[in-house]
A.B. asks: 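Quick one: structure below, then a few questions.
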Amino acid sequence: MEYNFRDLEAKWQLRWREQQTYKTVTGGEKPKYYVLDMFPYPSGAGLHVGHPLGYIASDIVARYKRLKGFNVLHPMGYDAFGLPAEQYAIQTGQHPKITTEQNIARYREQLDKIGFSFDWDREVRTSDPEYYKWTQWIFVQLFHSWYDNKTQKAAPILKLIAEFEKSGNQNVDSACDATLPFSAEDWKSKNEQEQQQILLNYRLAYLSEAWVNWCAGLGTVLANDEVKDGVSERGGYPVERRRMPQWSLRITAYAERLLSDLETLDWTDSIKEAQRNWIGKSEGTSIRFKLKNQDEFIEVFTTRPDTIFGVSFVTLAPEHELVNLITTDAQKSKVEEYVSIAKNRSERERQTEVKRISGEFTGAYVVHPFTGKDIPVWIGDYVLAGYGTGAVMAVPAHDSRDFAFATHFDLPKPQVIEPPADATTAGFENESWDEKEGKLIHSDFLNGLDVKPAIRKAIDEIEKLNFGKGRINYRLRDAAFGRQRYWGEPIPIYYKDGMPYTLAEDELPLILPAIDKFQPTETGEPPLARAKDWKYKGEYEYEYTTMPGWAGSSWYFLRYMDAKNDKALVSPEAVAYWKNVDFYIGGAEHATGHLLYVRFWTKFLFDLGIIPLNEPAQKLINQGMIQGVSDKVYIQKVQSNSLPISKSESILLDDDQNVFYWSADVVDLGIHRNPEILKYQLLLQNTAEAFLENFYIKNVPIEDVKENKLDIITYSEKSQEKKIVFVCKGGYWYKNKFTPIDSDDNSINHDFLTFSEVEKMSKSKWNVVSPDDIILQYGADTLRLYEMFLGPLEQSKPWSTQGISGVHNFLRRFWRLFHDKENKLQLSEEGGSAAELKSLHKTIKKIEEDIDRFSFNTCISTFMICVNELTDLNCKKRSVLEPLVVLLAPFAPHFCEELWELLGHKESVSKASFPKWNEAYLVEDNFEYPVSVNGKVRFKMNLSLKLSKEEIEQTVMSSDELSKYLQGSPKKVIVVPGRIVNVVI
RNA sequence: GCCCGGGUGGUGGAACUGGUAGACACGCAGGACUUAAAAUCCUGUGGCCUUACAGCUGUACGGGUUCGACUCCCGUCCCGGGUACCA
């Protein structure tokens, strides 16, 4: 019988399904092991070859752990709410639910073809009402909770109300918005509405007026991690800051725990570091500066209280609430103008114009707390309203930003730290000394101290005089939770007298209502405002915003444990058994989004006593991205708002600020990747003519044009019509006219900049490679092996099929080990020879070690070496070959099932147990030791391993052979057992 | 700018705690089988010098530690990712 992967894979996929081979039962004698993939968003492009990389790795781990005797939970589901399906709905009118279902069906079909061992009975979809009922339920719990800093835990809001009734908020230490102190009497005298307003300051899910990232292109607000470089992560639309009522989750309450618990996790340093940076803990001091001739104070936050004597001015953020109050009449018009300009500058502008210094004097002064001198108060947009107190004490001599501001406006820069003698600086006229090193000068009681003790002493003094105190600040902001979109979980809130109230548990889920159009309403309200008769008890307005994409994914790992439970999000028994994820794998792009949110929700549910887990996943691996190769055509627009050629090269804006990605399919170049002939298909929104009129040519590297013959075909997607053929060899064709390029002139500007670039695979970039073609040609097992063989799991790499025949050949050679020339299974029952057993046991040992450290690429090499060895030995013995089938089964399951069955086994190979290796077979008794003299290998000798280290030294030194090669007498002989003998002379 | 990775043949990559650098695979070259092709198998394959043996050199670059460095330390350059007026 031949290795016919097509029939064989179909046969086993069907059998696994029929026999429910991978159905997992909660509980039992076996130890548990939970292997989890980050579930996919089912996009319209289907699965590409990058998706399965992580799934294959986790499937190998899951199958391996089963063979090792674990009860393995290995589920899969879909992150089914999200923007693309909704964008599609807006364009076509097709309900996102239908789009999503179609995409899921396609994903499932593709996943099944790869032969994963998922327990599909536990599938979850975040868009199922049975699922999002519990997402909503968690939101309700968040709404009814507050964070008690004293116990460092979330607690029921009822407890807080009881405390308010007893003694107001005097004794409450909570993560909350600024709330004026009130007594028990004050509390009781307030009406329901006022009380609810105060409680919102404490709730973990709360509604407030907040600065948000407003994305007009998507018509919604975005969380900080959904914004990259001032544009939306999805779609690349510009984002601006806007103040509006906004649901938020008080993740900042958990900042310290999210930070310190990182220590307990077995995650890569880069992810932990990214989370630490995102949380951004900084220890500093808040200092109050009294305003001259007024009773108000300006509170600043600084990490450098030691430089207090170097303050030459104070700067407020333009949005600071005191700005209007303190500005003098003389400065009013200027300040107001500046504030309005600053407010209207988009986030993107603020980021790209970081170097531009702007500000305005308010006319007001504060009093220096130690010297009593007047300090001018400025406003400047380099101070951020959302961080610290929105105000800084400026110390130009020791902070580069203050320095730049002071230089620009010609303000004094008093020096208070003398840098160490060996420090290299450009001098205080040219730059500030920001380092926390040196001795304090001109600083009264701090004089002569080093910076670090000076910081402590300054805090002590400031606290003693009671105009400030030590304080810890976090960069982390509360997470914006409402989205002005349709395709998400409805927030289970209704409004009474303008105050939000939650639905009761038995009223959940709040089903996403049907609407006819998916755009925002004419009055700018979210799409849900279109829903008819959608009122709580027919009377109260529901919340119109929906939850963000990350809501459903923040707890899904729990749902798999008990996916069909309609009484609870997960039963206590199930979560007590499965506990947290033992092996979690997914893309590193979720480092600061999903992975922070899922930790936050886990900690919250832990605080409520719903789950016994403080962290979702103990071990995390980030699979690298498989990138696509896009052959690109860049066009730079002649417009002032054209993007600088830099990071944003691939993004182009047209007149309507729509974003294009220019990319193309490469027509098969053969095995040599030298792009002799490239065919580009440009994705054009406008016609090719309009396109050519609107864009001009820029900086084609002459070499590229000289060496490559470029065939460019542009066509309009709308009309599906080819417009212009564009050929380049020493020149280019444009509107049927050939323009030669002067090869000596490198400065010519051209219309198109063309080359291939490695980047993320995505439908919008036209570079998606589907696994289906590979499966058709080589089979799923080859795909699985090949994806693992590509290189280390964590590494990103461009997709290329070069070398795929190597792993396919390996499978065929493996197959041939079991079969004779006539393709009959032909094995003898005799025992293996020493060489055969050594090969086998070496392989078992190496595979086990390599899987345990998730090094799958070296596993494949190990298998190949083993097959080469056994082929050379012409080994046809069952006792040697059978264990190899089990060993390979996690990697190539269909293939191994078939061999296993041919070997006469009735049960699936997944029920077998992993073979054990035996040290005895690995001993080398005739090993040629390389002998090196002074570290350089000179010759080889036979030595017995059975000798002790000392005996080896003696043997070597007394050897005639050795002295023959040595010109001096050995001082030292170093033996590294099993590796090398080194002689030092 | 700051933080985290990384730089090894023509290519993807091995070398785990310092111990024969380049495993394994692709590609390439030559050969066997075949009327031929495919498939399969064998041999060679970092560079230099050599008929060959041998020798020299070699893990981005410059230095250091060590009997011995791809691995550790210091400095430089380059690439990738994250992040950014965070006070």
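Throughout, a chain's letter reflects where its sequence line sits, starting with A, and its residues are numbered from 1. Bear in mind that the values here come from a model prediction, so they are computed numbers and not experimental data.
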A.B. asks: Strictly by Watson-Crick or wobble contacts shorter than 3.5 Å, is anything paired with C26(B), and which nucleotide is it?
C.D. replies: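 Per the H-bond distance test, G10(B).
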A.B. asks: So what's C72(B) paired with, Watson-Crick or G-U wobble, going by both distances under 3.5 Å?
C.D. replies: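 G64(B) is the nucleotide pairing with C72(B).
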A.B. asks: A side-chain contact here means heavy atoms from C-beta on lying under 4.5 Å apart; do Ile341(A) and Asp381(A) qualify?
C.D. replies: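 Side chain of Ile341(A) against side chain of Asp381(A), heavy atoms only: no contact under 4.5 Å found.
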A.B. asks: Between C1' on U40(B) and CH2 on Trp815(A), what's the gap in Å once rounded to a whole number?
C.D. replies: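 From Trp815(A) CH2 to U40(B) C1': 18 Å.
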A.B. asks: May I have the distance from Ile472(A) (atom CD1) to C86(B) (atom C1'), rounded to whole angstrom?
C.D. replies: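 That distance rounds to 15 Å.
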A.B. asks: Please confirm whether the backbone N or O of Met625(A) pairs with a side-chain atom of Lys797(A), one donor and one acceptor, at under 3.5 Å?
C.D. replies: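 Not a single qualifying donor-acceptor pair exists.
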A.B. asks: Using whole Å, what does the distance between atom C1' of nucleotide U17(B) and atom CD of Glu849(A) come to?
C.D. replies: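 Computing the Glu849(A):CD to U17(B):C1' distance gives 13 Å.
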A.B. asks: Quick test: give all pairs of protein nitrogen or oxygen and nucleotides 7-14 of chain B nitrogen or oxygen below 3.5 Å, distance rounded to 0.1 Å.
C.D. replies:
| from | atom 1 | to | atom 2 | distance (Å) |
| --- | --- | --- | --- | --- |
| G12(B) | O2' | Leu790(A) | O | 2.7 |
| G13(B) | OP1 | Gln795(A) | OE1 | 2.8 |
| A14(B) | OP1 | Asn857(A) | ND2 | 3.1 |

A.B. asks: Nearest-nucleotide wise, let me know which of Arg812(A) and Asp872(A) is further upstream toward the 5' end of RNA chain B.
C.D. replies: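 First, find each residue's nearest nucleotide; the 5'-ward one identifies Arg812(A).
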A.B. asks: Determine: side-chain N/O of Tyr387(A) to OP1/OP2 of A87(B), distance under 4.0 Å, yes or no.
C.D. replies: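 Answer yes for this pair, as a side-chain N or O of Tyr387(A) is under 4.0 Å from OP1 or OP2.
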A.B. asks: Is the glycosidic torsion of G82(B) within 90° of 0, making it syn, or is it anti?
C.D. replies: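 Here G82(B) takes the anti form, which means its glycosidic angle is more than 90° from 0.
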A.B. asks: Could you point out which residue of Thr285(A), Asp306(A), Thr307(A) forms a side-chain contact (heavy atoms from CB on, under 4.5 Å) with Ile455(A)?
C.D. replies: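 Only one of Thr285(A), Asp306(A), Thr307(A) forms a side-chain contact (heavy atoms from CB on, under 4.5 Å) with Ile455(A), namely Asp306(A).
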A.B. asks: In whole angstrom, give me the gap between the C1' atoms of A15(B) and A25(B).
C.D. replies: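 Approximately 16 Å lies between the C1' atom of A15(B) and that of A25(B).
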A.B. asks: What integer number of Å spans the C1' atoms of U20(B) and G27(B)?
C.D. replies: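 The same atom, C1', in both gives a distance of 27 Å.
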A.B. asks: For atom C1', what is the distance between C73(B) and C48(B), given to the nearest Å?
C.D. replies: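 These two C1' atoms come out 32 Å apart once rounded.
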A.B. asks: Do Arg813(A) and Met864(A) have side-chain heavy atoms sitting under 4.5 Å apart?
C.D. replies: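 Side-chain contact under 4.5 Å: no.
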A.B. asks: Does a nitrogen or oxygen in the side chain of Arg475(A) sit under 4.0 Å from OP1 or OP2 of A84(B)?
C.D. replies: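 True: Arg475(A) side-chain N/O within range (under 4.0 Å) of A84(B) OP1/OP2.
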A.B. asks: Would a line drawn from the ring center of Phe810(A) to the ring center of Phe789(A) be shorter than 6.0 Å?
C.D. replies: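 Ring centroids of Phe810(A) and Phe789(A) are no less than 6.0 Å from each other.
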A.B. asks: I need the NZ-P distance between Lys436(A) and A87(B), as an integer number of Å.
C.D. replies: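 Distance check: Lys436(A) NZ to A87(B) P gives 9 Å.
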A.B. asks: Base, sugar-phosphate, or nothing for Asn868(A), non-hydrogen atoms under 4.0 angstrom?
C.D. replies: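 Here Asn868(A) touches the backbone only, sparing every base.
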A.B. asks: Could you state the atom-to-atom distance from OH of Tyr474(A) to C1' of C86(B) in whole Å?
C.D. replies: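 That distance rounds to 14 Å.
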A.B. asks: For Asp402(A), answer base if it contacts any base atom (sugar-phosphate contacts may also be present), sugar-phosphate if it contacts only those atoms, and nothing otherwise; contact means non-hydrogen atoms under 4.0 Å.
C.D. replies: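 Here Asp402(A) touches no strand at all.
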A.B. asks: Between G7(B) and U45(B), how far apart are the P atoms? Round to whole Å, please.
C.D. replies: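 It comes out at 26 Å once rounded to the nearest Å.
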A.B. asks: Under a 3.5 Å cut-off for both distances, is A32(B) Watson-Crick or wobble paired, and to whom?
C.D. replies: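 Paired with A32(B), as far as the under-3.5 Å criterion goes, is U40(B).
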A.B. asks: Expressed as a whole number of Å, how far does the C1' atom of A36(B) sit from that of C70(B)?
C.D. replies: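 Looking at atom C1' only, A36(B) and C70(B) are 48 Å apart.
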A.B. asks: Does Asn277(A) place a side-chain N or O at less than 4.0 Å from the phosphate oxygens OP1/OP2 of C86(B)?
C.D. replies: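 The answer is no; no side-chain N or O of Asn277(A) sits under 4.0 Å from OP1 or OP2.
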A.B. asks: When the nearest nucleotide of RNA chain B is assigned to Asp399(A) and to Gly803(A) on a heavy-atom basis, which residue is associated with the more 5' position?
C.D. replies: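 In this pair, the answer is Gly803(A).
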A.B. asks: Between C16(B), C85(B), A87(B), which nucleotide gets closest to the side-chain atoms of Val383(A)?
C.D. replies: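 My answer, after comparing the listed nucleotides, is A87(B).
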A.B. asks: Can you find a pair of side-chain heavy atoms, one from Ile844(A) and one from Leu887(A), that are under 4.5 Å apart?
C.D. replies: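 Yes, at least one pair of side-chain atoms sits under 4.5 Å.
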A.B. asks: In whole angstroms, how far is the P atom of A87(B) from the CD1 atom of Ile357(A)?
C.D. replies: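 Value for this atom pair: 19 Å.
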A.B. asks: Which one is paired to C86(B), where only Watson-Crick or G-U wobble pairs with both distances under 3.5 angstrom count?
C.D. replies: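 Looking at the geometry, C86(B) pairs with no nucleotide.
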A.B. asks: What integer number of Å spans the P atoms of C74(B) and C24(B)?
C.D. replies: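 Straight-line distance between the two P atoms is 36 Å.
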A.B. asks: Is the backbone N or O of Thr315(A) less than 3.5 Å from a side-chain atom of His320(A), with the two atoms forming a donor-acceptor pair by type?
C.D. replies: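 No, His320(A) side chain to Thr315(A) backbone: no donor-acceptor pair under 3.5 Å.
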A.B. asks: What interatomic distance, in whole Å, is found between P of C16(B) and the corresponding atom of A69(B)?
C.D. replies: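 Roughly 16 Å separates the two P atoms.
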A.B. asks: Whether Arg813(A) contacts U40(B) is assessed here as follows: a side-chain N or O lying under 4.0 Å from the phosphate OP1 or OP2. Is that the case?
C.D. replies: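 Indeed not, no polar side-chain atom of Arg813(A) lies that close.
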A.B. asks: For the pair made of CG in Leu785(A) and C1' in C24(B), what is the distance, rounded to whole Å?
C.D. replies: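 The distance from CG of Leu785(A) to C1' of C24(B) comes to 13 Å, rounded to the nearest Å.
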A.B. asks: For C86(B), does the base pair up with any side-chain atom of Arg477(A) as donor and acceptor (N or O, under 3.5 Å, distance only)?
C.D. replies: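 Present.
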A.B. asks: Is Glu437(A) close to Val451(A) at the side-chain level, that is, under 4.5 Å between some pair of heavy atoms?
C.D. replies: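 Heavy-atom side-chain distance check fails, nothing below 4.5 Å.
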A.B. asks: May I ask which nucleotide in the shown strands pairs with C53(B), Watson-Crick or G-U wobble, both distances under 3.5 Å?
C.D. replies: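 With both distances under 3.5 Å required, C53(B) matches none.
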A.B. asks: Once rounded to the nearest 0.5 Å, what's the spacing between atom CZ of Phe301(A) and atom CD1 of Ile472(A)?
C.D. replies: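 Answer rounded to 0.5 Å: 8.5 Å.
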A.B. asks: In whole Å, I'd like the distance from the CG atom of Asp269(A) to the P atom of G81(B).
C.D. replies: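 So the two atoms are 20 Å apart, to the nearest Å.
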A.B. asks: In whole Å, what separates the C1' atom of A14(B) from that of C26(B)?
C.D. replies: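 Between the two C1' atoms, the distance is 15 Å.
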A.B. asks: Parallel, tilted or perpendicular: which fits the ring planes of Phe856(A) and Phe891(A), with parallel below 30° and perpendicular above 60°?
C.D. replies: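 Plane angle over 60°, so perpendicular.
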A.B. asks: Please tell me which of the listed nucleotides, C16(B), C86(B), G82(B), lies nearest to the side chain of Ala274(A)?
C.D. replies: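 Taking heavy atoms from C-beta onward, the closest nucleotide is G82(B).
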